[in-house]
Each structure stands twice: as structure tokens, then as C-alpha cells.
Amino acid sequence: MAEEAFSQRTTTCGGLTKADAGKKVVLNGWVHRDRNHGALHFINLRDRYGITQVVVDDDASKELQETAAKLRMEFCIAVTGVVRLRPDTMVNLDMATGEVEVKAESIEILSKCLPLPFMIDGEAEPNEDLRLKYRFLDLRTQGMQERIKLRHEFIKAIREYFYRTDFYEIETPTLIKSTPEGARDFLVPSRFYPGKFFALPQSPQLYKQILMVGGFDKYFQIARCYRDEDARGDRQLEFTQLDMEMSFVKRDDVLELMEEMFNEVFMKVQNVQLPAHFRRITYHDSMNTYGNDKPDLRFGLEIHDLNDLATKSSFDMFKTTVENKGFVKGLCAPKTEGTNFSRKVIDALQDTAKIYGAKGLAWAKVGADNKLSGGVSKFFVGMEEELINEFDAKEGDLILMIAQEDWKKCCTSMGAVRSKLGKDLDLIKEGYEFCWIIDFPLFEFNEDENHWEAAHHMFSMPQAQYLDTLESDPGSVKGDLYDLVLNGYECASGSIRIHDVELQKKIFRICNIDDATAQEKFGFLLDAFKFGPPPHGGIAPGIDRMVMIMAQQTSIKEVIAFPKNTAACSPMDDSPSFVEQDQLEELHLKAIFPEKKSDK
RNA sequence: GAGGGCGUAGCGAAGCUGGUUAUCGCGACGGCCUGUCACGCCGUAGAUCGCGGGUUCGAUCCCCGUCGCUCUCGCCA
């Protein structure tokens, strides 16, 4: 069959300048907008590279004028014409190509476009589900074009760094063994083995460790990962990690390499100079000071330990909490321009605290002459100055306090209040604030199942000073673990790994996995560790989240070409979907439907 | 599993102490227009007010339920 004949572009819609005046060109693109003045007709033609104004002049042939009159938004067309300078008074400096225009000699309609389900000019933002249904149109918007480009540039810069520094890019399988712990696995049935399943990887963790045993001492991969958990603004069923691992390294080697890499990448992609080294904060300090393990350091509003002050107050609830080995923490919300700490505002803060497990949120307003008023101020009579000095509070500020017996809840609920205030009071500075969170606990106790489990994952190395007390006191063991945090988002997580069979088995046992189960589930790793495994460690930054932050978005859907929605489906292709009975039978599967919601 | 928000022409919004011919902008369709650039002007069509039930003489509006989306808690080693 003959190829469809169409005039193929000789340039793009972004590149024409004054220097091109007089040239005959062909442009291919979409009708972004057209302004038909009858005898004079302007068409903004758009492609990935920009927008160029095409003019159908009054001297155009009748055929050309008729074709131009038929154009509608988003028709895909080819324009043949001559570049010319715009008249002086008609130059549009808001357009990159605003000094020139193309006088059309002919226009071919390559394809028509139905009336649009939504405008793609970025003016009004349609409902997200509609955007996802018509993602091919949404992708044409300037915002999506820019974000997908940014993502490309980011990944490209990362690859350039790793290629130059002699890392190998190695792929690992996406059909792997399902292993216990962690998130819910996506399962893929095996046709050959009835009842057996592959899992999609939650991360290439074990494979990259085995690559280390395999002698590839510097590995990286842009890896797709899958976790079958509820989606969030910063979480999707599938997401992309920069996965990397190195042999013969210690923690600081990994941290410093990442610092160097992100310095280079942020300079290339954002033209931003990051600090040579990122601040390091221990998990414990981060929880105490910022109320979470992913602090947003773009603003202060630090949390203070108020146990001493609470004991001296006349507030029984505070005193009792401290006596019961609990915690009283607080922060001081500054009075800013336009701030009004009304009852309604305080109530909203209390609601926030409660969502995160606080029983209440005590408050007091700072008045003139070191006086407090409202809320719990009456319990601080006689020590008002002490409380005010603790925060160096000013008149009009609002002191907020939480008492909780559970340390973590006390921290996180206060932290949630801190985060809300940061946003509400507009305290957040522009820019990128990276930090490392280090010295994470290796284990946390699972109350429901009544055993210890890995706080991160089971392959992280305990810090040396805890090796003797691993089993006797798991709760106090800190690991060689580190997270990279950017602007309040956890952007990477890594560790130095265990490479000793006996130590690995010991960790499994502490996590309630006996030797037999460990051999069944992780035998391949344990076996590998019997054959001269190197000391190794690595990290895995989340690509989606980092691009999201760079693009100043709050949802990773904005930086993924084809994301799923919150309900874990894709409105565009309508997946997931039912499959034919034959397919199920071939896979030895039978669908069991829940009582309600039997079909949707 | 739980909570908050939203659901009104193709899209974005307004309306509602319960009575309207349900409003506006964009888009669509038809016409006019020689320098626009979010072109302008004139005209036309387009809405079971998410769905079901209840209260009421009367419901887009109030109540209950339900569905969908969205944000959050749980969950996410």
C-alpha cells in the first residue's frame, strides 16, 4: 500500500526566528487556536517545540481560504509557507516565535479532531478522572508537556552521571518470587504450574544484592516497582525508582555519592546549586523536633520538649502524663501578617492533631507583657514567662501543646500540626531542602501479630555496637539505614546490607521467620551469601516523587504519563478488566466475588 | 476498613432561608469581520441539577441511602 502523501515538516513550531525570514518551510502540528477575520486568518500552530503563528492572507487562493475556514481546534495539519517578519507593531514578545509568522501557501488537513471534551489550554482544569480518560489530550497541555520533559531530563541526567562514574545499568526480572513481609504483592499466575504464582517486584532489592555477589560492584537501574496498596497523592500502584547498589562501601560512601549525583543533576536540570553535603538528622531527633521522619526543613517551627515545664505547671493532665513516663511537647505558631488564631482556626488544628492520635491540643495565646490568655493559660499562672521564653514567643503568637504517653504519637500529632501551620501561615520558603535521616531503628514491634518486624526491610545491617544485644533488646537496635528527604517527602531509602548468612538468619528469627521458612522464601539469597558475598549497600530514590517536587506538584500523577487513579484503575483503557473464562481456565484460576459489589 | 471535600449543558463555574423560563464564561453550530495573538460582534442549539428514596402543596436546594471522583487516617518492609 502506498504511503499517505503529506507535506513533511522541514522545521518545528518552536524554532523559527528573524534569521529565518524569507525561507520556505513546512510545519506539522496541531491547531492550537485560530482567529478568523474573514479575509485574514491567523492560526497558532503547536507542536512539542512551541507555537508559531500561521497567516492566511487576503491574497490567498480560494482553495486555501476554504481549507483554513474548515479548521477547528486540534486538527492536525501541515502548513507550507514562507517565513516573514511581522510588522513592527504586530510583534508579540510573549511568544518565543513572536517576531515572525509563516505566510501560508497551502494547508493540508492531516486529521480532524472531534469537539474537545475539555479545553487543553490549561486555563480551567477539568476533573482529574476526565483528564485521565482523555490522557492523550491532557498530555498535549503545556503543563504535561513540560513535566514529562522534566522527567525525561532528570532521568537522562541521572543516567549520564552513572554511566560516567562506571556503573553498569543492569535489568532485573519483573516476574519474581513472592516473598513475605512488606507490601501486598501483585501476583501473576503461572500457566505451567497450577496454583503457583510469580510476583511483580516491590523493588529489585534481592536481585541487586545478588548482582553484588555476582561481582558487578557498581549497579544501577531505572526500575519499575509494584505495590498493591491504597494509592495516595505521592503513591501509585506502580512507580519508578532509581535503584543502585555498590560493593565494598560504607554508609558515607553511599550518602556522598548521592550528594554528588544530585548536585550534578539538579544543576543540569534545574540550574540549582545544592549544598555539597546534606544535613544529617537522626531519626530520633527528627521525630522530636519535626514530628516525623521526613521533615520539611523549608521552615522552622520546631517542636520543643516541655516535660519539665509541664511538671511545674498546675495542669494535672500534663503532670500525670509525665509521671506515667509520657511526653509533653509543644511549638509556638508565630503571628504573621493576616493571621488570626480564632477559635475556628484552633479547632481545625485540634482536629488535625486528633487524626494523628493526639487526645487533644492544648493552647494559649501570648499577650502583652509576658501574659498568656485563653486555653490552658490558667494552669501556667506564675510561670508564664518561663513558657514564653522557652519559645522566645512574641505577642500574638499561639503556643500549642500535646501530652501523650506514646512518644511516637506525641511526636507525629505535633508534627502534623507543625506541617499544617507551615502551609496555613505560609512559612514555607521556596527551594530545595535536602536532608539525610539516619540511625533508624532496625525493628518495630507489631502489636497485632505480637512479634518484632523489620522497620525498613530485613536485609539492613544492624549498627556494630548493637550486634551483641540484637536478640535480647531488638527495640533499641539501630540500623545502618538512611532516608533521603526533600521538602517533607521521603525521596530515597537505603542501607548497608547484611552479607553474613548467620546474621541474616538471626534477623529472620527475630522477625518470627524460622530457619526452614527463611530457606524456603529466601534460600537463594542465603545460598548466595555462602559464596563469598562482598560487603555492600545502596539506596533507591523515587523518581516520581522527586520530579513531582521539582515540578512543584503535589501529586505524582502529574509527572506520570499514564497513571492510575485513586481507585486503582485507569479510566483511559478501563483497566483492570474482566478476562475471558478461557483465559482463567488456562491459568487454572477461578474468580471468587465478594458478597456485594458482585459486578462493576 | 474509616473520615473530610466535591458531583448543576461537552468543560469550568454561579445559583438555593425550598417556588427562577436554572445563570455566566469557554467550547460547538450558523453568520459578519483585513493585523489578530484568550481577536471581536450578532445569532442558535445544548441540563432527566450523579442516582434512588423521603419530608413538602412544591426539592437542584432539606433529610436518608447509594454510586463516582478526590484528599487524608489505617495500610505502604
Side-chain angles (χ1 to χ4, degrees), chain A residues 32-45 51-60 65 69 72-74 86-95 97-98 101 103 113-134 137 179-185 202-203 205-206 225-237 239 348 351-352 354-357 412-413 416 419-420 440 442-444 446 448 452-460 479 481 490 493 495 507 511 513 540 542 554-555 557 565-569 571 596-597 600:
Chain A
H32 188 64
R33 220 166 238 122
D34 75 320
R35 296 176 293 279
N36 188 349
H37 293 233
L40 186 66
H41 192 158
F42 299 96
I43 298 148
N44 282 1
L45 192 65
I51 292 177
T52 294
Q53 174 164 285
V54 172
V55 190
V56 178
D57 260 334
D58 53 347
D59 61 358
Q65 291 199 7
R72 293 293 179 271
M73 281 204 279
E74 297 304 311
R86 295 195 193 185
D88 283 349
T89 52
M90 303 305 158
V91 165
N92 183 353
L93 294 175
D94 295 335
M95 281 175 84
T97 60
E101 62 193 7
K103 177 182 161 66
C113 179
L114 289 173
L116 296 168
F118 54 84
M119 291 297 97
I120 64 175
D121 56 10
E123 293 290 318
E125 180 141 303
N127 172 307
E128 190 170 86
D129 234 36
L130 195 73
R131 289 176 60 201
L132 293 183
K133 180 170 171 58
Y134 296 97
L137 294 177
T179 54
E181 303 273 311
R184 201 175 289 112
D185 274 332
Q202 295 180 30
S203 84
Q205 182 63 33
L206 299 178
C225 307
Y226 306 86
R227 295 178 190 175
D228 188 6
E229 298 290 350
D230 289 6
R232 281 285 196 292
D234 61 353
R235 264 163 40 193
Q236 283 265 307
L237 300 181
F239 59 100
D351 289 344
T352 299
K354 283 176 185 169
I355 291 170
Y356 287 81
T412 52
S413 53
S419 297
K420 181 172 169 57
F440 279 87
L442 198 58
F443 302 104
E444 50 192 35
N446 184 327
D448 297 337
W452 291 94
E453 58 187 26
H456 178 229
H457 61 50
M458 293 183 289
F459 314 104
S460 295
L481 282 157
E490 180 198 315
S493 197
S495 64
I507 299 289
C511 297
I513 297 176
T554 54
S555 164
K557 290 175 220 165
N565 65 14
T566 310
C569 62
K596 286 178 181 177
K597 293 185 184 175
K600 354 190 294 191

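Numbers restart at 1 for each chain; the letters A, B, ... are given by sequence-line order, proteins then strands.
Applying the 3.5 Å distance criterion, the base of B:rU36 shares no donor-acceptor pair with the side chain of A:Arg33. Residue side chain A:Asp351 does not reach the base of B:rG4 through any donor-acceptor N/O pair under 3.5 Å, judged by distance alone. In the interface, the side chain of A:Asn92 is paired with the base of B:rC37 through a donor and an acceptor atom under 3.5 Å apart. For a distance-only test at 3.5 Å, the side chain of A:Arg232 qualifies as a donor-acceptor partner of the base of B:rG74. Between the base of B:rG74 and the side chain of A:Glu229 there is no donor-acceptor pair shorter than 3.5 Å.
Regarding A:Arg235, its CZ atom lies at a distance of 14 Å from the P atom of B:rU70, rounded to whole Å. Atoms NZ (A:Lys354) and P (B:rG3) sit 17 Å apart, rounded to a whole Å. Remark: C1' of B:rC73 and CG of A:Asp234 are 14 Å apart, rounded to the nearest angstrom. In this structure, the CZ atom of A:Arg35 is 15 Å from the P atom of B:rC41, given to the nearest Å. The nearest whole Å value for the distance from the NE2 atom in A:His457 to the P atom in B:rC76 is 15 Å. A straight line from CZ of A:Arg227 to C1' of B:rG74 spans 17 Å, rounded to a whole angstrom. The CE atom of A:Met95 sits 14 Å away from the P atom of B:rU36 (whole-angstrom rounding). For A:Met73 and B:rC39, the CE to C1' distance is 14 Å, given to the nearest whole Å.
Here the closest non-hydrogen pair linking A:His457 and A:Ser495 is CE1-OG, 3.9 Å. Contact between A:Asp230 and A:Arg235 at its shortest, heavy atoms only, is O-NH2, 2.8 Å. When all heavy atoms of A:Arg131 and A:Pro126 are compared, the closest pair comes out as CD-O, 3.5 Å.
Distance check on atom P: B:rA9 versus B:rG15 gives 15 Å, rounded to whole Å. Comparing the same atom, C1', in B:rU8 and in B:rA47 gives a spacing of 8 Å after rounding to whole Å. With both ends at atom C1', the span from B:rA14 to B:rU55 equals 27 Å, rounded to whole Å. B:rC71 and B:rC29 have their C1' atoms separated by 39 Å, with the value rounded to a whole Å. As rounded to the nearest Å, B:rC64 and B:rG5 have P atoms that lie 12 Å from one another. Going from the C1' atom of B:rC61 to that of B:rG54 covers 15 Å, rounded to whole Å. Taking atom C1' on both nucleotides, B:rU72 is separated from B:rA13 by 26 Å, rounded to a whole Å. The separation of B:rC51 from B:rU56, taken at their P atoms, amounts to 23 Å, rounded to a whole angstrom.
For the atom pair CG (A:Leu132) and SG (A:Cys569), the distance works out to 9.0 Å, reported to the nearest 0.5 Å. Expressed to the nearest 0.5 Å, how far CG of A:Asn92 lies from OG1 of A:Thr97 amounts to 8.5 Å. Considering CZ of A:Arg33 and CD1 of A:Ile51, their distance stands at 8.0 Å, rounded to 0.5 Å. Going from atom CD of A:Glu101 over to atom CD1 of A:Ile43 covers 11.5 Å, rounded to the nearest 0.5 Å. Rounded to the nearest 0.5 angstrom, A:Tyr134 OH and A:Asp129 CG are separated by 11.5 Å.
For the pair A:Ile355 and A:Ala567, both in contact range of RNA chain B, the more 5′-proximal nearest nucleotide belongs to A:Ala567. Along RNA chain B, the nucleotide nearest to A:Glu101 and the one nearest to A:Gln202 differ in position, and the one closer to the 5' end is contacted by A:Glu101.
Relative to the side chain of A:Asn565, the nucleotides B:rC76, B:rU36, B:rC69 differ in distance, and B:rC69 lies closest. Minimum atom distance to the side chain of A:Asn44 is reached by B:rC37, of the listed B:rU34, B:rC33, B:rC37. Of the candidates B:rA28, B:rU36, B:rC71, B:rA28 carries the atom nearest the A:Arg72 side chain, counting heavy atoms from C-beta on.
Using a 4.0 Å heavy-atom criterion, one finds that A:Tyr356 contacts the sugar-phosphate atoms exclusively. Using a 4.0 Å heavy-atom cutoff across all strands shown, A:Glu444 reaches no nucleic acid atom at all. Among the protein residues, A:Lys133 comes within range of no part of the nucleic acid, since none of its heavy atoms lies under 4.0 Å from any strand. Here A:Arg184 lies out of heavy-atom contact (under 4.0 Å) with every strand. Here A:Glu128 lies in heavy-atom contact (under 4.0 Å) with sugar-phosphate atoms only. Within the nucleic acid shown, A:Asp121 has no heavy atom closer than 4.0 Å to any nucleic acid atom. Note on A:Thr89: nothing from the nucleic acid sits closer than 4.0 angstrom, heavy atoms only. Residue A:Asp129 is in sugar-phosphate contact alone, with no base atom involved, counting any heavy-atom pair closer than 4.0 Å across all strands shown.
Across all strands shown, the partner of B:rG1 is B:rC73, judged by Watson-Crick or G-U wobble contacts whose two distances both fall under 3.5 Å. For B:rC62, the paired base is B:rG54 (Watson-Crick or G-U wobble, both distances below 3.5 Å). Nucleotide B:rA28 forms a Watson-Crick or G-U wobble pair with B:rU44, both donor-acceptor distances falling under 3.5 Å. When both pairing distances are held under 3.5 Å, B:rC6 makes a Watson-Crick or G-U pair with B:rG68. The nucleotide B:rC16 finds no pairing partner, because no Watson-Crick or G-U wobble arrangement with both distances shorter than 3.5 Å includes it.
One finds no side-chain N or O of A:Thr554 lying less than 4.0 angstrom from the OP1 or OP2 phosphate oxygen of B:rC71. At the phosphate of B:rU70, OP1 or OP2 sits under 4.0 Å from a side-chain N or O atom of A:Thr566.
A:His37 qualifies as a stacking partner of the B:rC39 base, centre to centre under 5.5 Å and near-parallel within 30°.
Glycosidic conformation, B:rU8: anti, with the torsion outside 90° of 0.
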Anything under 3.5 Å between a protein N or O and an N or O of nucleotides 9-12 of chain B, put it in a table, one pair a line.
{"unit_1": "B:rG10", "atom_1": "O2'", "unit_2": "A:Pro117", "atom_2": "O", "d": "2.8"}
{"unit_1": "B:rC11", "atom_1": "O4'", "unit_2": "A:Pro117", "atom_2": "O", "d": "2.9"}
{"unit_1": "B:rG12", "atom_1": "OP1", "unit_2": "A:Asn127", "atom_2": "N", "d": "2.8"}

### Task
List the steps, then state whether side-chain hydrogen bond (donor to acceptor under 3.5 Å, both in side chains) holds for A:Glu128 with A:Asn565.
CA-CA 8 Å; A:Glu128 190 170 86; A:Asn565 65 14; over 6 Å; no
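Tested against A:Met73 for a side chain to side chain contact (heavy atoms under 4.5 Å, CB included), the candidates A:Asp121, A:Ile120, A:Leu116 yield a single pass: A:Leu116.
The closest side-chain donor-acceptor pair between A:Gln53 and A:Arg35 falls under 3.5 angstrom.
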